Amino acid sequence: MGNCFSDDAVGRSAAGATPFSQNNTSNTAVDCFLLSRGYRGLYSQIELSFSASNLRDRDVFSQSDPMVVIYTKGRDGKLEELDRTEVIQNSLNPKWIHKLKITYQFEVVQTLVFFVYDVDTQYQNLGVKMLKLDEQQYLGEATCVLSEIVTQSERSLTLDLVYREESTSSTHTHHRGKFTVHAEECVSSKTTTEMILRCSDLEHKDLFSRIDPFLVISKTVESKSSIPVCKTEVIKNDLNPTWKPVFLNMQQVGSKDSPLIIECYNFNNNGKHELIGKVQKSLVELEKLSFSGEGENLFLLPSAGHDYHIKVLKSQLFVDKFSESVQQTFLDYIAGGYEMNFMVAVDFTASNGNPRLPDSLHFIDPSGRPNSYQRAIIEVGEVLQFYDSDKRFPAWGFGARPIDGPVSHCFNLNGSSHYCEVEGTQGILMAYTSALHNVSLAGPTLFGPVVNNAALIASQSLASGGRKYFVLLIITDGVVTDLQETKDALVKASDLPLSILIVGVGGADFKEMEVLDADKGERLESTTGRVASRDIVQFVPFRDVQGGGISVVQELLAEIPHQFLTYIRSRDVQPNS
């Protein structure tokens, strides 16, 4: 994936930097600021190649002349054509040369559909884009999700080529050969530039207040606007800061000659960070600065309504280190045998309302329309299921009273007293519906027991040498009651292969949830004063995303690859070859 990190364990692992210091504000403190300016999570450019075997022969005097048409399928089922391969003449076992480049996004279910056609000889002088598909002979089709391909050990997936009867009244299908898709991650996704950046003599308007500087590195786009691609940590009260290494993915930047804008800000807790100054340099120019040891003066553009002279500051930017390397990516670890294991915990407290009444958050609509709990389970589960080989998911409930029992703050959703796992996302949904008939909603809302249970599973896997990373989804309608106990559990869990996604449903005030998600402040601290080694919590109110185009899945899951790499690289773990 596109790698750009600073401050946390990723940077320390790659450059041998010192452990996290409590004097430094978390790298994630400026995430919301960056998101507002267009920053997005990690992504990777994938190149797909295609082959087939034992195709149906539709030609009388020769073999078929096959071509592939590639589509993406939306959530509404509509197909959108992406590309076409060349035509291979006289072959029932073609290997097409033309490759499809596609951007892989972890947080999105990217469904691909492949149609294979036998191109009639009379049309083969036309460009493939000009061919009318209804004039070609249909040989069959195959479909898969991009995640299915990249999780294979060899990144190759072989599918049955299915021939569907042309009659719309027929549901019969026939297997007409095999279709293979192979994925390669583009080199630009792996080529990484490491830099150690330093500023000197930072100027500040208010001599009596402190300065807490951080850097934002952005690339310019055709519209002359800029999109952030990297950030540093915040260093407190320092006019001559040296930041921990930043890692710029070449794919994010575009090329070494592409102009980059490096802005230095003074951090402000209210999110209104003050621009101290900026420089504009390409990677080529930054490399020259590093070689020469010279600094580049920061500047400020004139404000609207003022003169047009650029103000050059005495403050300077230095590049103390500049190096390039090829790094292992998220997809390298996934193809190398690492799995993402999904776990879920559902809030059964009484504040959800009587499940039998339509105004309850737990109401099961007879029409089949999913409630907020069901939607969150489906949308997260449908992404993560492709990264879990056995698809057996631990599922718990909390805040309810099982039949003839006391209130439980972590009970097995399937009703078993011996095991907590269910089969797939549908298994979670079935266990959830069954639990609504077998427990009495109670309270209070406690997260600690559930987090500790998830942490125990992750700890046991780690101790046994498992190559697994766990993702716990907590769906809740209310404010957590055991806030400090939850913080203690999260701080302890931050050393484990575990990320926690919290979805808030309903209309409650979720401000305390935002405290658990360290995106807007300091890292969590336990009652003993221990600070979390990394941020493992992402929180989103379901109401903020359910009505718009941005999915709760994308909001929550986009940071998972980053958190995974932070954990993996801090322990110098290498993917299996």
Side-chain angles (χ1 to χ4, degrees), residues 2-8 10-18 21 24 27 30 187-188 190-204 211-221 224 226-267 273-302 309-327:
N3 304 332
C4 177
F5 304 107
S6 178
D7 169 57
D8 55 23
V10 176
R12 298 199 302 275
S13 170
T18 55
S21 166
N24 286 351
N27 175 18
V30 293
V187 175
S188 60
K190 300 185 178 187
T191 304
T192 301
T193 298
E194 176 187 350
M195 293 187 292
I196 295 179
L197 302 174
R198 168 172 60 91
C199 279
S200 66
D201 300 319
L202 290 179
E203 299 181 26
H204 193 35
I211 183 169
D212 302 332
F214 68 93
L215 299 178
V216 175
I217 303 175
S218 304
K219 69 175 179 180
T220 57
V221 292
K224 304 299 182 183
S226 60
I227 298 177
V229 295
C230 191
K231 74 235 179 190
T232 69
E233 78 277 17
V234 179
I235 297 181
K236 292 186 177 180
N237 201 23
D238 196 338
L239 298 176
N240 300 282
T242 299
W243 289 275
K244 292 175 181 177
V246 294
F247 296 83
L248 273 176
N249 178 278
M250 194 61 65
Q251 181 177 297
Q252 293 172 305
V253 175
S255 75
K256 289 189 69 172
D257 294 312
S258 301
L260 297 174
I261 299 172
I262 304 177
E263 298 167 300
C264 185
Y265 285 91
N266 182 24
F267 177 81
H273 310 302
E274 174 192 358
L275 179 63
I276 299 172
K278 67 173 75 174
V279 301
Q280 181 166 319
K281 292 287 180 185
S282 68
L283 285 178
V284 169
E285 293 168 323
L286 291 170
E287 186 175 20
K288 290 178 180 178
L289 280 181
S290 176
F291 181 76
S292 68
E294 297 176 353
E296 178 75 12
N297 289 86
L298 275 63
F299 66 86
L300 284 172
L301 295 175
H309 295 292
I310 293 175
K311 181 180 180 181
V312 179
L313 309 176
K314 68 176 182 178
S315 308
Q316 288 191 312
L317 174 77
F318 293 84
V319 184
D320 287 347
K321 178 181 180 180
F322 186 101
S323 65
E324 292 179 335
S325 63
V326 175
Q327 283 201 331

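Hydrogens, waters and symmetry mates play no part in the numbers below; they use all other heavy atoms, side chains included. None of these values were measured; they are calculated from a predicted model.
Residues satisfying the salt bridge (Lys or Arg N to Asp or Glu O under 4.0 Å) test with Glu285, not counting sequence neighbours, are none. For Leu313, the side-chain contact (heavy atoms from CB on, under 4.5 Å) partners are Glu203, Leu298, Leu300, Lys311, Ser315, not counting sequence neighbours. When the side chain to side chain donor-acceptor pair (under 3.5 Å) test is applied to Asn237, no partner is found at least two apart in sequence or on another chain. Every salt bridge (Lys or Arg N to Asp or Glu O under 4.0 Å) that Glu324 has, sequence neighbours left out, goes to Lys256. Every residue meeting the salt bridge (Lys or Arg N to Asp or Glu O under 4.0 Å) condition with Asp212, not counting sequence neighbours, appears here in chain and number order: Arg210. Judged as a salt bridge (Lys or Arg N to Asp or Glu O under 4.0 Å), and not counting sequence neighbours, Asp201 has no contacts.
Across Lys321 and Ser290, no two heavy atoms sit closer than the pair C-OG, 3.9 Å. Closest approach of Thr192 and Phe247 over heavy atoms only: CG2-CB, 3.7 Å. The two atoms that bring Pro213 and Leu202 nearest to each other are CB-CD1, 3.7 Å, heavy atoms only. Scanning both residues, His273 and Phe267, for their nearest heavy atoms gives CE1-CD1, 3.3 Å. The nearest pair of heavy atoms linking Pro259 to Thr220 is CG-OG1, 3.4 Å. Nearest heavy-atom pair across Pro228 and Ser218 is CA-OG, 3.4 Å.
Checked by atom type and distance alone, the side chain of Glu233 pairs as donor or acceptor with a backbone atom of Lys244 at under 3.5 Å. In this structure, the side chain of Ser325 does not engage the main chain of Gln327 through any donor-acceptor pair within 3.5 Å.
The side-chain heavy atoms of Pro241 and Phe214, taken from C-beta on, include no pair separated by under 4.5 Å.
When each of Leu260, Val246, Ile262, Val253 is paired with Cys230, the side-chain contact (heavy atoms from CB on, under 4.5 Å) condition holds for Val246 and for no other.
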